[in-house]
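Have a look at the structure below, then the notes.
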There are 2 protein chains.
Amino acid sequence: MSMIPSVAEVDVRPLSRLYRALADDTRVRLVALLAGGELCVCHLEHALGLPQPTVSRHLQILKAAGVVDSRRDGTWVHYRLVPQDAPERQAALDAITRAFGAPRVLRADLARLKRARGPGACDQEKTP
Amino acid sequence: MSMIPSVAEVDVRPLSRLYRALADDTRVRLVALLAGGELCVCHLEHALGLPQPTVSRHLQILKAAGVVDSRRDGTWVHYRLVPQDAPERQAALDAITRAFGAPRVLRADLARLKRARGPGACDQEKTP
DNA sequence: CCGGGACATTCGGATATCTGCATGTCCATG
DNA sequence: CATGGACATGCAGATATCCGAATGTCCCGG
């Protein structure tokens with residue numbers, strides 16, 4: 001007979017750490033933007049209208065919490081959401097996608113960005 | 001033609017406020033316990049093994065965030081989860097239920113409590 | 001090798017959060 | 001009305017978080 005775990009014994013920290021990572025307006029907006037796919041810091045910076053160090057710092061917090069991952073591409077760094085192993089963590093993240101990550105919202109933002117900055121720079125991705 | 005909202009314009013505060021309310025180990029455990037149904041403060045206090053003022057204060061934070069509601073029953077106060085209108089908020093809460101609120105976990109805790117304190121006091125609910 | 005652009009990190013101060021201890025409030029009971 | 005139990009709140013200190021400004025690091029083009 002195996003011991004049935006109690007709420008006192010179960011480790012809630014992985015989930016509460018995720019909630020703490022999302023307990024900030026800027027970071028929720030970042031996750032919402034990234035729900036549409038990979039983006040570089042310069043795009044996120046312009047989309048949010050916040051200074052670069054601020055955006056970078058919040059991205060580090062999300063990264064430390066395992067919410068996002070980064071990929072270096074020359075001068076730029078692209079961030080993307082990390083698929084979560086634990087279903088409860090994925091569900092908590094999906095809440096943001098459901099609310100603000102709907103394609104219509106994100107596409108409007110990205111289109112505005114591309115219009116403002118032009119298709120140069122980090123936009124070209126892997127398809128020249 | 002209606003303006004398509006951008007992430008910058010959309011108000012993320014309701015969701016980030018919910019995440020902030022859940023960004024604490026004790027509060028996640030409280031929600032997990034309440035996922036099984038209404039409970040009075042004295043039960044929560046014993047289940048968590050924390051001093052009463054601490055539990056009470058965390059319950060107030062959850063209440064202010066619209067996560068729980070309270071019902072006075074004579075000397076005792078019973079707390080329960082509030083069904084969320086916004087589906088994204090409900091999804092974020094369900095993440096806790098999914099992870100720690102499984103019936104087997106909660107029943108073990110409650111059984112231990114009833115065994116420890118006996119069926120008297122606030123247990124008798126509405127059925128004498 | 002030297003600049004400049006993109007991004008990360010450090011530092012300092014303001015603000016918020018968490019906790020323990022004490023006290024306050026409300027209700028039932030005698 | 002006095003007492004005690006259940007719960008809420010006030011207060012003070014330690015800790016954590018957030019932000020602006022400045023500085024560091026890495027990479028690419030010349």
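Order of the sequence lines fixes the chain letters, A, B, ..., with proteins taken first and strands second; residue numbering starts at 1 for each chain.
OP1 and OP2 of C:dC18 both lie 4.0 Å or more from every side-chain N or O belonging to B:Thr26. Under 4.0 angstrom from either OP1 or OP2 of D:dC18 there lies at least one side-chain N or O belonging to A:Arg27. Between A:Tyr79 and the phosphate of C:dA6, there is no side-chain N or O to OP1/OP2 separation shorter than 4.0 Å. Put simply, A:His58 has a side-chain N or O that comes within less than 4.0 Å of OP1 or OP2 on D:dC19.
Side-chain proximity of B:Arg57 to D:dA8, C:dT19, D:dG20: nearest is C:dT19. In the set D:dA8, D:dC18, C:dA8, D:dC18 carries the atom at the smallest distance from any side-chain atom of A:Ile61. Distances were taken from every side-chain heavy atom of A:Asp24 (C-beta onward) to each of D:dC7, D:dC18, C:dA6; the shortest belongs to D:dC18. Of the candidates C:dC7, D:dA6, D:dC28, D:dC28 carries the atom nearest the A:Thr75 side chain, counting heavy atoms from C-beta on. Of all nucleotides listed (C:dA28, C:dA8, D:dC27), D:dC27 comes nearest to the side chain of A:Arg72. Nearest to the side chain of B:Pro51, among C:dA8, C:dG20, C:dC7, sits C:dG20.
In this structure, B:His78 places its NE2 atom 14 Å from P of C:dC27, rounding to the nearest Å. Rounded to a whole Å, the CD atom of A:Glu45 is 14 Å from the P atom of C:dG5. Separating the CG atom of A:Asp69 from the P atom of C:dC7 is a distance of 16 Å, rounded to the nearest angstrom. Atom NZ in B:Lys63 sits roughly 13 Å away from atom P in D:dC7 (whole-Å rounding). Rounded to whole Å, the distance from CG on A:Asp25 to C1' on C:dA16 is 14 Å.
Of the possible polar contacts, none joining the B:Arg57 side chain to the B:Gln52 backbone as a donor-acceptor pair under 3.5 Å is found.
Between the base of C:dT17 and the side chain of A:Arg20 there is no donor-acceptor pair shorter than 3.5 Å. With hydrogens and angles ignored, a donor-acceptor pair closer than 3.5 Å exists between the side chain of B:Gln52 and the base of D:dA8.
Judged by closest nucleotide on DNA chain D, A:Ala23 is the one of A:Gly74 and A:Ala23 placed further toward the 5' end.
Two residues are said to be in side-chain contact when any heavy atoms from C-beta on lie closer than 4.5 Å; A:Leu34 and A:Leu44 meet this criterion. Inter-residue side-chain proximity for A:Val12 and B:Thr26 is flagged as unmet; no heavy-atom pair is nearer than 4.5 Å.
Atom CG of A:Asp85 has 12 or fewer heavy atoms from other residues, nucleotides or ligands within 6.0 Å.
Counting any heavy atom pair closer than 4.0 Å across all strands shown, B:Thr54 reaches sugar-phosphate atoms only and no base atom. Contacts of B:Pro53 with the nucleic acid, taken as non-hydrogen atoms under 4.0 Å apart, include base atoms.
At a threshold of 4.0 Å, the pair A:Asp25-B:Arg13 does not count as salt-bridged, since none of the basic side-chain nitrogens sits closer than that to a carboxylate oxygen.
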